[in-house]
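Notes follow once the structure below has been shown.
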Amino acid sequence: MRDIPISLFFPCYNEEANVEATVRDALETCESLFSDYEIIIVDDGSRDRTGQIADRLAAEHDRVRAVHNQPNRGYGGALQRGFLEARKPWVFFTDGDGQFDIREIGLLVELTDRHDGVVGYRLDRQDSLMRKLNAWCWTTLCNCVFGMRFKDIDCAFKLLPRRLFDEIPLHSQGAMISAELLARATRKGYRIGQVGVHHRARAAGTPTGANPRVILRAFVELFKLRKLIIAGK
Ligand SMILES: Nc1nc2c(ncn2[C@@H]2O[C@H](COP(=O)(O)OP(=O)(O)OP(=O)(O)O)[C@@H](O)[C@H]2O)c(=O)[nH]1
Ligand SMILES: [Mg+2]
């Protein structure tokens with residue numbers, strides 16, 4: 001497998017029960033796969049002890065950094081902070097709640113010799129039928145609106161080249177960020193590979209991804225984004 005220089009980051013909002021295990025898994029995996037890596041914890045204005053735990057992990061490990069959005073900026077704002085902070089030529093992110101198995105990052109890295117970026121799709125999504133149906137409709141809608149063919153737009157397991165973030169603006173502060181990222185990368189001509197990854201049920205913390213407010217905000221942003229991209233902004 002290629003030994004790529006890589007920044008990994010985890011958006012975390014109120015993940016005091018999960019962040020430490022996520023970072024420890026990442027450290028173990030990175031030690032075995034990469035010689036040049038950094039791990040960034042993006043504490044997105046958490047109200048629990050996530051920020052303190054992140055600072056402690058950063059103090060304990062040279063390769064770990066903690067950054068804090070204050071106040072909370074939303075999932076899109078947390079990803080944007082991660083892209084801004086990443087210093088290595090490759091950037092990977094996954095959720096800080098441990099729903100993905102970081103060891104599967106190797107599956108993505110293997111495809112980097114043939115693609116400009118690689119994104120995951122969930123093989124066995126651990127969510128309710130209603131959420132899976134919502135997600136299928138959302139992915140289909142985004143694919144139609146932006147002329148793309150992704151299997152799982154919101155899968156939080158993505159590996160992209162750092163230079164992409166110098167080439168595209170990102171506006172979404174909410175859940176729409178994944179669609180924006182893929183739509184803009186596709187428009188720029190980036191060839192993005194896709195690979196199946198496993199998904200675990202959230203072990204702890206409060207599930208917020210299915211919040212109707214989050215879904216409504218994403219719809220509003222979708223149509224704003226379409227206008228912006230058509231206008232070349
Ligand atoms: N909901 C939410 N998550 C955020 C925010 N900022 C960062 N995150 C992190 O983004 C990741 C994805 O959010 P999740 O709430 O896990 O979304 P999900 O996996 O679709 O849904 P559930 O885990 O079922 O809630 C998690 O690691 C969060 O901690 C924010 O403002 N709101
Ligand atoms: Mg989650």
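Remember, predicted model here, so these are calculated numbers, not experimental data. Read the numbers this way: they start at 1 and go in the same order the structure lists the ligands and their atoms.
- The shortest distance between side-chain heavy atoms of Ile39 and Phe9 does not fall below 4.5 Å.
- Closest to the Mg ion (ligand 2) among the N, O or S atoms of Asp97 is OD2.
- Residue contact check: Cys12 has heavy atoms under 4.0 Å from atoms 29 (O) of ligand 1.
- When the heavy-atom distances from atom 24 (O) of ligand 1 to Gln99, Arg73, Arg131, Arg202 are ranked, the shortest goes to Arg131.
- Contact annotation: for Asp44 versus ligand 1, heavy atoms closer than 4.0 Å belong to the side chain alone.
- With a 6.0 Å cutoff to the six-membered ring centre and a 45° limit on the axis angle, Arg200 does not count as a cation-pi contact of Phe100.
- For Asn72, every heavy-atom contact with ligand 1 shorter than 4.0 Å involves the side chain, none the backbone.
- Under the 4.5 Å side-chain contact rule for hydrophobic residues, Val195 and Trp90 share a cluster.
- Considering backbone and side-chain N/O atoms, Ala78 never comes within less than 3.5 Å of an N/O atom of ligand 1.
- Scanning both residues, Ile153 and Thr139, for their nearest heavy atoms gives N-OG1, 3.4 Å.
- Just one residue in the list Phe10, Phe93, Phe92 forms a ring-ring contact (aromatic ring centres under 6.0 Å, His included) with Phe157, and that residue is Phe92.
- For ligand 1, the atoms sitting less than 4.0 Å from at least one non-hydrogen atom of Glu15 are 26 (C), 27 (O), 28 (C), 29 (O), numbered in the order shown with element in parentheses.
- In this structure, Asn143 contributes its side chain and Phe150 its backbone to a donor-acceptor pair below 3.5 Å.
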